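Just so we're clear, the structure is a prediction, and the values are computed from it rather than from any experiment.
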Amino acid sequence: RDQRERAPSTRRFLLPFAKPAVSDVVERSIPELAGGNWHNGAALFKGKAACFTCHVMRAEGFAVGPDLNNLVHRDYASVLRDIVEPNAVINPDAVGYVATLKNGGSAVGTRTGENEEELTLTQPGGQAAKLAKKDIVKVEPMAVSLMPTGIDKTLSKDELRDLMTFLLTEEPKAAK
């Protein structure tokens with residue numbers, strides 16, 4: 001060992017007057033989610049509601065629309081509004097575009113890539129439409145969201161509560 005004197009490490013100090021810090025993690029209580037089933041909500045996200053065809057949540061789904069991993073930090077009312085009225089606020093990272101082609105066809109999706117020769121639009125389900133720029137007449141942003149309206153009407157009240165439970169809360173810890 002080196003014999004030079006050094007300052008003692010902080011773990012060698014005893015501070016009897018210091019108290020452990022309060023945890024930064026605050027348990028959220030959302031009254032509207034009372035009785036909601038997180039696992040049923042996860043199944044709805046991948047199944048009946050088909051949210052995963054356009055959204056990524058907990059490493060599952062396709063990155064067409066906004067990433068939903070931050071929803072656990074948002075309030076119930078704003079997330080419900082995003083489901084009930086998808087055109088109320090459109091995330092600038094997920095603006096839909098319509099590309100009109102010379103052959104009379106069109107392609108719809110979010111703009112995910114572009115170079116001198118082609119434009120890439122990612123469509124629901126994660127399929128990437130690579131369009132040659134020489135075949136495109138025009139590309140216009142959509143005035144409405146790619147997310148369909150009425151998803152809330154396809155779900156029962158309990159299913160909507162379960163889906164919101166999945167979106168707004170962390171996965172429950174398994175009972176030991």
Side-chain angles (χ1 to χ4, degrees), residues 28 30 32-33 36-171:
R28 269 174 53 151
I30 304 171
E32 295 89 349
L33 300 181
N37 185 307
W38 190 93
H39 296 287
N40 287 349
L44 287 165
F45 183 83
K46 297 174 211 162
K48 186 176 181 179
C51 307
F52 82 105
T53 61
C54 292
H55 298 284
V56 174
M57 181 80 166
R58 297 180 180 95
E60 293 189 89
F62 299 99
V64 178
D67 184 314
L68 302 182
N69 286 302
N70 70 336
L71 292 185
V72 296
H73 305 291
R74 288 188 48 204
D75 64 294
Y76 178 89
S78 70
V79 174
L80 183 62
R81 186 207 56 222
D82 288 348
I83 294 170
V84 175
E85 301 173 46
N87 298 317
V89 178
I90 298 174
N91 185 315
D93 295 332
V95 173
Y97 287 87
V98 178
T100 306
L101 306 174
K102 288 179 181 175
N103 67 6
S106 64
V108 176
T110 54
R111 214 172 182 146
T112 53
E114 184 172 3
N115 60 33
E116 295 82 33
E117 291 90 35
E118 68 182 16
L119 169 70
T120 304
L121 296 178
T122 302
Q123 301 169 325
Q127 301 90 351
K130 294 186 182 283
L131 309 170
K133 284 191 172 179
K134 62 181 175 58
D135 297 334
I136 299 173
V137 175
K138 64 181 175 180
V139 179
E140 297 178 307
M142 295 174 61
V144 296
S145 173
L146 281 172
M147 184 169 161
T149 57
I151 291 174
D152 58 309
K153 294 183 179 30
T154 66
L155 304 173
S156 70
K157 186 178 178 182
D158 289 341
E159 288 174 329
L160 185 58
R161 183 191 61 214
D162 292 346
L163 179 62
M164 293 292 285
T165 300
F166 172 73
L167 295 173
L168 292 170
T169 61
E170 295 292 338
E171 182 174 10

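Minimum heavy-atom separation, Ala63 to Val56: N-CG2, 3.7 Å. Closest non-hydrogen pair, Ile136 versus Lys102, comes out as O-CE, 4.3 Å. Of all the heavy atoms in Leu155 and Lys48, the pair that sits closest is CD2-CD, 3.9 Å. Minimum heavy-atom separation, Ala107 to Leu131: CB-CD1, 3.9 Å. Smallest separation of non-hydrogen atoms from Ser106 and Val98: CB-CG1, 4.4 Å. Here the closest heavy-atom approach between residue Pro86 and residue Pro148 is recorded as CG-O, 3.7 Å.
Rounding to the nearest 0.5 Å places OG1 of Thr112 at 12.5 Å from CG of Asp93. Atoms CG and NZ, from Asn115 and Lys133 in turn, are 7.0 Å apart once rounded to the nearest 0.5 Å. Taking CG of Leu68 as the reference point, atom CZ of Arg74 lies at 8.5 Å (rounded to 0.5 Å). If you take OG1 on Thr165 and CG on Leu160, they are separated by 9.5 Å, rounding to the nearest 0.5 Å. Between atom CG of residue Leu163 and atom CG of residue Asn40 there is a gap of 11.0 Å, rounded to the nearest 0.5 Å. Between Arg58 atom CZ and Glu170 atom CD the span is 5.5 Å, to the nearest 0.5 Å.
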field: Residue pair Gln127, Thr122: steps toward the side-chain contact (heavy atoms from CB on, under 4.5 Å) verdict
entry: CA-CA 6 Å; Gln127 301 90 351; Thr122 302; over 6 Å; no

Ile30 vs Met164, side-chain contact (heavy atoms from CB on, under 4.5 Å): CA-CA, chis, key distance, verdict: CA-CA 10 Å; Ile30 304 171; Met164 293 292 285; over 6 Å; no

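At least one side-chain heavy atom of His39 sits less than 4.5 Å from a side-chain heavy atom of Glu171. Proximity of Asp82 to Met147: side-chain heavy atoms (C-beta onward) are nowhere separated by under 4.5 Å. A 4.5 Å side-chain heavy-atom check between Leu167 and Ile83 finds at least one atom pair inside the cut-off. Residues Arg111 and Leu119 meet the side-chain proximity criterion, which asks for heavy atoms closer than 4.5 Å. Counting heavy atoms from C-beta outward, Asn69 and Met57 have side chains that approach closer than 4.5 Å. Counting heavy atoms from C-beta outward, Met142 and Ile90 have side chains that stay 4.5 Å or more apart.
Annotation: ring pair (Phe, Tyr, Trp, His ring centres under 6.0 Å) contacts involving residues 43-93, sequence neighbours excluded, comprise Phe45-Phe166.
By the salt bridge (Lys or Arg N to Asp or Glu O under 4.0 Å) test, Glu32 is found to be paired with no residue, residues two or more places apart in sequence or in another chain being considered.
One N or O on the side chain of Thr110 and one on the backbone of Val64 form a donor-acceptor pair closer than 3.5 Å. Under the 3.5 Å distance criterion, the side-chain polar atoms of Asp162 are left unmatched by any main-chain donor or acceptor of Gly36.
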